[in-house]
J.: 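Once you've had a glance at the structure underneath, I'll fire off some questions.
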Protein chains: 2
Amino acid sequence: MTKSKQKNTEDNAEKKIVEAARKLFTSKGYDAVKTRDIAEEAGINIALLNYYFRSKEKLFEIIMVENMQKFFNGFSQILNDEKTTYRKKIELIVSNYIDMILKAPDTPLFVLNQAKLYPECVQVRKIVMNSCFMKQLQDAIKSKEIAPINEINLMLNIVSLSIFPCIARPIFQTGEGSLTHDRFVELMNERKKLIPKWIFATLKIK
Amino acid sequence: MTKSKQKNTEDNAEKKIVEAARKLFTSKGYDAVKTRDIAEEAGINIALLNYYFRSKEKLFEIIMVENMQKFFNGFSQILNDEKTTYRKKIELIVSNYIDMILKAPDTPLFVLNQAKLYPECVQVRKIVMNSCFMKQLQDAIKSKEIAPINEINLMLNIVSLSIFPCIARPIFQTGEGSLTHDRFVELMNERKKLIPKWIFATLKIK
DNA sequence: GTCTATACAAAGATAGAC
DNA sequence: GTCTATCTTTGTATAGAC
């Protein structure tokens, strides 16, 4: 079968194009990236991009779906795990997002920019409101274990504290005497423990 | 003086171009906006855009500076007001940002995208670390009035809780049974009171 | 100051050779 | 599958009439 003669090699053109597109689209967005940039980054000819993916738009879609999944998949799994407590879920959401951010620092801003353009593509509120996590939370409020809190507020707080620091990082990372990469990683790893503590403290307020 | 014959009218072309550019650049960014879009939005000919501003880039710079000032000016003023306590400063930062966000909801994401492209243009860490607010905070820690907390963490928490919800709004605002505009405004106004409470709660943790 | 027309440049997509 | 060459479309900037 001559068709699959390239399937075994690791760095074929198709793969290199996707990798280049992932890097560029994720960090700069659709409009700022030119097909010629992708071709150069991948070390191939522009014509090949169209040969494999038909258009810039189709290629972008692949990268967008990838990023959306990276951003939301772990999240909804954690929220609906019947075996963990709501407190454990909070810890897991935080560490899950911080790990993701340290590995793929461009993904959050990419996803948020995309979500602004196409809000209809992202359906998080429903996922959150119908989740196992929400039920556990409402039970804890009913039994007076924790003080009443608006569920949207709580969810916003958890993701804000986890994700925003990575988005705002360029603002805090100025020239001299500033937040180095290593220090930032250290800080975010500390926050894995601290954010759940802070969140639990807010749940005690009457 | 024939030169200023248009200065008095309210809706001259120059002004209309800036307004159109503000709207489009702030919501979509530099690359996604075409000069023809701006001209159409302003109801003028493309040629006029070049006549008044020489290029798309120069026009963009005007809008960028506007947005940066909108985002940072109030912030550094509040941080350095000698007459307010650190607790009052926290309340003011929160309500200042939430007010700004409700009035100009596109500005935060615009600024963060810009800051990522040109981190050297934004010098916030220095402003925060050398501020009156920081000194007051360190005094409060020394006198055991509050538990020790990393200053960067505290600052991150305050701005995360205030700003992120507006950036993440499209994610939570799905089709049916969802966060309407009015409900969002209400929620954010509630958060003006709640965020300082939450922050103060975290300052009590040993 | 404002418009029309147009030049000039960049970007996306395709045909056809190898 | 990959390249060169080229076409089309789109975007930016300018010249010149009114």
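Note on naming: letters A, B, ... go to the chains in the order of the sequence lines (proteins, then strands), and numbering restarts at 1 for each one. Bear in mind that the values here come from a model prediction, so they are computed numbers and not experimental data.
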J.: Please give me every residue in residues 43-54 of chain A whose heavy atoms get under 4.0 Å of an atom in DNA chain D, ordered by residue number.
T.: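 Those residues are A:N45, A:A47, A:L48, A:Y51, A:Y52.
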J.: Is a side-chain donor-acceptor pair under 3.5 Å present for A:N157 with B:R191?
T.: yes
J.: Which residues satisfy the salt bridge (charged side-chain N to carboxylate O under 4.0 Å, His left out) test with A:E186, sequence neighbours excluded?
T.: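 So A:E186 forms a salt bridge (charged side-chain N to carboxylate O under 4.0 Å, His left out) with A:R183.
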J.: Take the protein atom NZ of B:K15 and the nucleotide atom P of C:dG1, then report the distance between them rounded to whole Å.
T.: 14 Å
J.: Is a side-chain donor-acceptor pair under 3.5 Å present for A:K89 with A:T84?
T.: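 Judged by distance alone, the side chains do pair up.
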J.: Can you list, in residue-number order, the parts of residues 58-67 of chain B that come under 4.0 Å of DNA chain D, counting heavy atoms only?
T.: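 Nothing qualifies; none.
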J.: Nearest whole Å is fine: how far is C:dC3 C1' from B:K16 NZ?
T.: 13 Å
J.: Can you list, pair by pair, the side-chain donor-acceptor contacts under 3.5 Å of residues 41-52 of chain B, counting residues two or more places apart and other chains?
T.:
unit_1: B:E41; atom_1: OE2; unit_2: B:K23; atom_2: NZ; d: 3.0
unit_1: B:N45; atom_1: OD1; unit_2: B:A47; atom_2: N; d: 2.8
unit_1: B:N50; atom_1: ND2; unit_2: B:R54; atom_2: O; d: 2.9

J.: Under 3.5 Å, is there a donor-acceptor pair between the A:N113 and A:K116 side chains?
T.: no
J.: Taking NZ in B:K28 as the centre, count heavy atoms belonging to other residues, nucleotides or ligands within less than 6.0 Å. Is the count above 12?
T.: no
J.: Check the surroundings of atom CD in B:E57: do more than 12 heavy atoms from other residues, nucleotides or ligands lie under 6.0 Å from it?
T.: no
J.: Tell me whether the centres of the aromatic rings in B:Y97 and B:F75 are closer together than 6.0 Å.
T.: yes
J.: Any side-chain heavy-atom pair from B:L187 and A:L156 closer than 4.5 angstrom?
T.: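 Side chain of B:L187 against side chain of A:L156, heavy atoms only: contact under 4.5 Å found.
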J.: Please list each protein N or O that sits under 3.5 Å from an N or O in nucleotides 7-11 of chain D, with the distance.
T.:
unit_1: D:dG11; atom_1: N7; unit_2: B:R36; atom_2: NH1; d: 3.2

J.: Keeping to residues at least two apart or across chains, list the side-chain hydrogen bond (donor to acceptor under 3.5 Å, both in side chains) pairs with something in residues 66-83 of chain B.
T.: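 Of all non-adjacent pairs touching residues 66-83 of chain B, those that pass side-chain hydrogen bond (donor to acceptor under 3.5 Å, both in side chains) are B:R22-B:E66, B:T26-B:N67, B:N67-B:T107.
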